[in-house]
Peer 1: 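Can you keep this structure in mind? I'll have questions shortly.
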Amino acid sequence: MFKKTALFSFVIIASLSITNNPIWAENQQVNPLKNNNIEDVLLPTQNRPLTEAEKAQLQADLQLLNQSAEEQLALGNEDQAVEIWYRQLRLTRFLGLQSEVQEITRLGQLFWQRGRALEINNLTARLQILEAENTVDNQLNSQYLDIFFKAYQSLGNVEKSVNIQQQILTEVREKKNQEKVKENLISLGELYLSKFDYFNAQPIYEELLTISERENDFINQTNYLKNLSQINSALLRSENSIIYRKRLIETYEKTDNFNDIILEKIAIGDEYKKLDQPQEAGIYYQEAFNLAWSVKRFAQAGGALKQLGILYQDYEKLDSALQIYRELIIIEQQSANFYGLMETYGRMGTIYQQQGNYSEAKNNWRRALEIAQQLNHKEDFYRNKLAELP
């Protein structure tokens, strides 16, 4: 008898502890939008479609509910506001599919801004049900493509947004609406980039580039070349990235856009370095420096010299690297780039240590440490470097 009583007590205690566990409770929470048998004082008692007059009255009642939710939110009662919005959304379905999806879009934006992950999941689950109800042969009813696309976007669901955008693009292609094709290609390209899907983004931007060239759209042509150069760089296709960047330079030269020409030349040098072609990389770093210096863009000139010095250092052309770093120090002193000065002295210290010139290594690391103390940055690093020396 004792054993049975003890076992019964244990089961009661265990059940209570599980029920009071907040994680368990959250996982067991029912989606308030899941119930299809909706009863509400704002609805007729009979289970039937609403008349136009009843829909108009319900719309007015829903506006009052929304106002009540916003008042609760203003008072800091966010959970109470959310409950009211759930009720509002449940009732909105009686106004038709379009009204419900548009309300999901509005609330999705609101909940996303406030970081309400559970609510986002609940809205997404309801939207997926509505999508399934209006899908035949894996194709969403074309009448609702736009509203479902906007709804999934508001919920931050990139995968669903991409799927619908692809269907929209297919349909506008069939209608040979070139302006709509362009608009949807832009939207699809942005979606792919948002989820770092560079592989699928590339053909989209290649097509957009072709369109911009056909239309003599110089501004967008430049933007798409920039996108393609960055996409190919991310895909480790440096050869292609270089081709697009060289074309970018040609477009920038037409407007004497020296700032971007310099940046692209440095980027091309970086790509050649990835390809283990140090001579080509050095040529572009040097060209970037020469141009930057000639137009008095000293910060960019310093950036180009820095990359050239690192290139020589990486390929163990240490004397050449030291010569470049000495020139770089002059530029950094002129532009008061103290962080850059610290880093350059540090690199020179490393090279002198490699060459066995410990006296010069000490001198350069001491200078780096002095600047580090002024910046309150990397002080221990340079102290340790000095301590390593004999």
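Just the heavy atoms: all of them, side chains too, but no hydrogens, waters or symmetry mates, feed the values below.
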Peer 1: What do you reckon, is CZ of F218 surrounded by more than 12 foreign heavy atoms closer than 6.0 Å?
Peer 2: yes
Peer 1: Taking N223's backbone N and O only, do any of them form a donor-acceptor pair with N220's side chain (distance below 3.5 Å, no angle check)?
Peer 2: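 Not at all, since once roles are kept as given, no pair shorter than 3.5 Å links the two residues.
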Peer 1: Relative to each other, are the rings of Y224 and Y205 parallel, tilted or perpendicular (30° and 60° limits)?
Peer 2: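 It falls in the tilted class, 30° to 60°.
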Peer 1: Could you walk me through whether Y144 and E131 satisfy the side-chain hydrogen bond (donor to acceptor under 3.5 Å, both in side chains) test, starting with their C-alpha distance in whole Å, then the side-chain angles of each, then the deciding distance to 0.1 Å, before giving a yes or no?
Peer 2: CA-CA 9 Å; Y144 304 126; E131 181 189 2; over 6 Å; no
Peer 1: Distance alone, cut at 3.5 Å: any donor-acceptor contact between the side chains of Q286 and N290?
Peer 2: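 Yes, side-chain donor-acceptor contact under 3.5 Å.
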Peer 1: Listed by chain and number, what are the ring pair (Phe, Tyr, Trp, His ring centres under 6.0 Å) partners of Y339, not counting sequence neighbours?
Peer 2: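 If we apply the ring pair (Phe, Tyr, Trp, His ring centres under 6.0 Å) test to Y339, skipping adjacent residues, the hits are H377.
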Peer 1: Test your reading of the model: is there a side-chain donor-acceptor pair from T92 to the backbone of Q88, 3.5 Å cut-off?
Peer 2: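 Indeed, once roles are kept as given, a pair shorter than 3.5 Å links the two residues.
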Peer 1: Determine, stepwise, if the pair E39 / R90 fulfils salt bridge (charged side-chain N to carboxylate O under 4.0 Å, His left out).
Peer 2: CA-CA 10 Å; E39 295 180 358; R90 286 193 298 269; over 6 Å; no
Peer 1: How long is the gap from CD on E133 to CG on L140, to the nearest 0.5 Å?
Peer 2: 11.5 Å
Peer 1: Can R245 and N232 be counted as having a side-chain donor-acceptor contact under 3.5 angstrom?
Peer 2: no
Peer 1: Kindly compute the distance separating NZ (K265) from CZ (F258), expressed to the nearest 0.5 Å.
Peer 2: 11.5 Å
Peer 1: Is the positively charged end of K385 above the ring of Y382, judged by distance under 6.0 angstrom from the centroid and angle within 45° of the axis?
Peer 2: no
Peer 1: Determine whether the aromatic ring centres of residues F298 and W293 are separated by less than 6.0 angstrom.
Peer 2: yes
Peer 1: Counting only N and O atoms by type, is there a donor-acceptor contact under 3.5 Å from the side chain of Q221 to the main-chain atoms of L209?
Peer 2: no
Peer 1: Decide if atom CD1 of I219 counts as having more than 12 heavy atoms of other residues, nucleotides or ligands within a radius under 6.0 Å.
Peer 2: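 Not more than 12 within 6.0 Å, no.
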Peer 1: More than 12 heavy atoms of other residues, nucleotides or ligands under 6.0 Å from CZ of F338: is that the case?
Peer 2: no
Peer 1: For the pair R114 and E119, find out whether any cationic side-chain nitrogen is under 4.0 Å from an anionic carboxylate oxygen.
Peer 2: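 Looking at E119 together with R114, the answer is no, because their closest N to O distance does not fall below 4.0 Å.
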Peer 1: Considering only NZ, NE, NH1 and NH2 on the basic side and carboxylate oxygens on the acidic side, decide whether K254 and E250 come within less than 4.0 Å.
Peer 2: no
Peer 1: Shared ILVMFWY cluster between Y285 and L275, side chains joined below 4.5 angstrom?
Peer 2: yes
Peer 1: Do I330 and I324 sit in the same hydrophobic cluster, where Ile, Leu, Val, Met, Phe, Trp and Tyr count as joined when their side-chain heavy atoms come under 4.5 Å apart?
Peer 2: no
Peer 1: Under the side chain to side chain donor-acceptor pair (under 3.5 Å) test against S238, which residue among E271, K274, Q277 passes?
Peer 2: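 Exactly one pass, corresponding to E271.
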Peer 1: Is there a donor-acceptor contact under 3.5 Å from the side chain of W365 to the main chain of G346?
Peer 2: yes
Peer 1: When you look at L33 and I129, which way does the side chain to side chain contact (heavy atoms under 4.5 Å, CB included) test go after all the steps?
Peer 2: CA-CA 11 Å; L33 304 174; I129 290 172; over 6 Å; no
Peer 1: Does a side chain donor of either D319 or Q323 reach within less than 3.5 Å of an acceptor in the other side chain?
Peer 2: no
Peer 1: When rounded to the nearest 0.5 angstrom, what distance separates CD1 in I351 from CG in L318?
Peer 2: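 One gets 5.5 Å once the value is rounded to the nearest 0.5 Å.
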Peer 1: Run the salt bridge (Lys or Arg N to Asp or Glu O under 4.0 Å) test against R347 and tell me which residues pass, sequence neighbours left out.
Peer 2: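 Salt bridge (Lys or Arg N to Asp or Glu O under 4.0 Å) list for R347, sorted by chain: empty.
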Peer 1: Just by distance, with hydrogens left out, do Q109 and Q113 show a side-chain donor and acceptor under 3.5 Å apart?
Peer 2: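 Judged by distance alone, the side chains do not pair up.
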Peer 1: Tell me yes or no: between the side chains of E388 and N384, is some donor less than 3.5 Å from an acceptor?
Peer 2: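 Distance-only check fails for E388 and N384.
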Peer 1: Should E343 and K306 count as an ion pair when the cut-off is N to O under 4.0 Å?
Peer 2: no
Peer 1: Walk me through whether E370 and K378 qualify under salt bridge (charged side-chain N to carboxylate O under 4.0 Å, His left out).
Peer 2: CA-CA 11 Å; E370 289 172 3; K378 293 183 71 171; over 6 Å; no
Peer 1: Does the pair K195 and E159 meet the rule for a salt bridge (charged side-chain N to carboxylate O under 4.0 Å, His left out), with working shown?
Peer 2: CA-CA 9 Å; K195 66 192 192 86; E159 289 296 333; 3.2 Å; yes
Peer 1: Test your reading of the model: is there a side-chain donor-acceptor pair from N134 to the backbone of L130, 3.5 Å cut-off?
Peer 2: yes
Peer 1: Under 4.0 Å between a side-chain nitrogen and a carboxylate oxygen: does that hold for E213 and R247?
Peer 2: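 Counted as a salt bridge, because a side-chain N and a carboxylate O are separated by less than 4.0 Å.
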Peer 1: Are any side-chain N or O atoms of N364 and backbone N or O atoms of E360, one a donor and one an acceptor, separated by less than 3.5 Å?
Peer 2: yes
Peer 1: Under 3.5 Å, is there a donor on one side chain and an acceptor on the other for Q313 and Y325?
Peer 2: yes
Peer 1: Under 4.0 Å between a Lys/Arg side-chain N and an Asp/Glu carboxylate O for D260 and K226?
Peer 2: no
Peer 1: Can you measure from CG (L305) to CD1 (I266) and round to the nearest 0.5 angstrom?
Peer 2: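 Here the interatomic distance stands at 9.5 Å.
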Peer 1: Do D270 and Y284 pair up side chain to side chain, a donor and an acceptor below 3.5 Å, judged on atom types alone?
Peer 2: no
Peer 1: Does a sphere of radius 6.0 Å around NZ in K150 hold more than 12 heavy atoms from other residues, nucleotides or ligands, not counting ones at 6.0 Å or beyond?
Peer 2: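 Counting other residues, nucleotides and ligands, NZ of K150 stays at 12 neighbours or fewer.
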Peer 1: Indicate yes or no: does E215 engage K182 in a salt bridge with an N to O separation below 4.0 Å.
Peer 2: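 Yes.
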Peer 1: Between T105 (side chain) and V101 (backbone), is there a donor-acceptor pair under 3.5 Å?
Peer 2: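 Confirmed, T105 side chain pairs with V101 backbone.
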Peer 1: Thinking salt bridges, do E183 and K180 make one under a 4.0 Å N-O criterion?
Peer 2: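 Result for this pair is yes, salt bridge flagged.
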Peer 1: Using 0.5 Å steps for rounding, measure from the CG atom of L169 to the CG atom of L145.
Peer 2: 11.5 Å
Peer 1: Is there a donor-acceptor pair closer than 3.5 Å between any side-chain N or O of T135 and the backbone N or O of N138?
Peer 2: no
Peer 1: Run through L225, I242, I249 and flag the one making a side-chain contact (heavy atoms from CB on, under 4.5 Å) with E264.
Peer 2: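 Result for side-chain contact (heavy atoms from CB on, under 4.5 Å) with E264: I249.
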Peer 1: Between N122 and R116, is a side-chain hydrogen bond (donor to acceptor under 3.5 Å, both in side chains) present by the stated rule, with each step listed?
Peer 2: CA-CA 10 Å; N122 290 339; R116 306 281 303 202; over 6 Å; no
Peer 1: Just how far is it from atom OG of S99 to atom CG of L62, taken to the nearest 0.5 Å?
Peer 2: 9.0 Å
Peer 1: So, the side chain of N141 versus the backbone of Q143: is there a donor-acceptor pair under 3.5 Å, distance only?
Peer 2: yes
Peer 1: Go through the steps for Q167 and N163 under the test side-chain hydrogen bond (donor to acceptor under 3.5 Å, both in side chains), then give the verdict.
Peer 2: CA-CA 7 Å; Q167 186 180 338; N163 292 340; over 6 Å; no
Peer 1: Could you go through D276 and Y315, starting from their C-alpha distance and side-chain angles, then the distance that decides it, and tell me whether this counts as side chain to side chain contact (heavy atoms under 4.5 Å, CB included)?
Peer 2: CA-CA 10 Å; D276 196 22; Y315 282 88; 2.4 Å; yes
Peer 1: Answer yes or no: is there a donor N or O on one side and an acceptor on the other, between the side chain of S241 and the main chain of S229, under 3.5 Å?
Peer 2: yes
Peer 1: Is it true that Q202 and N240 share a donor-acceptor pair across their side chains at a distance under 3.5 Å?
Peer 2: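 Note: N240 and Q202 side chains miss the donor-acceptor criterion.
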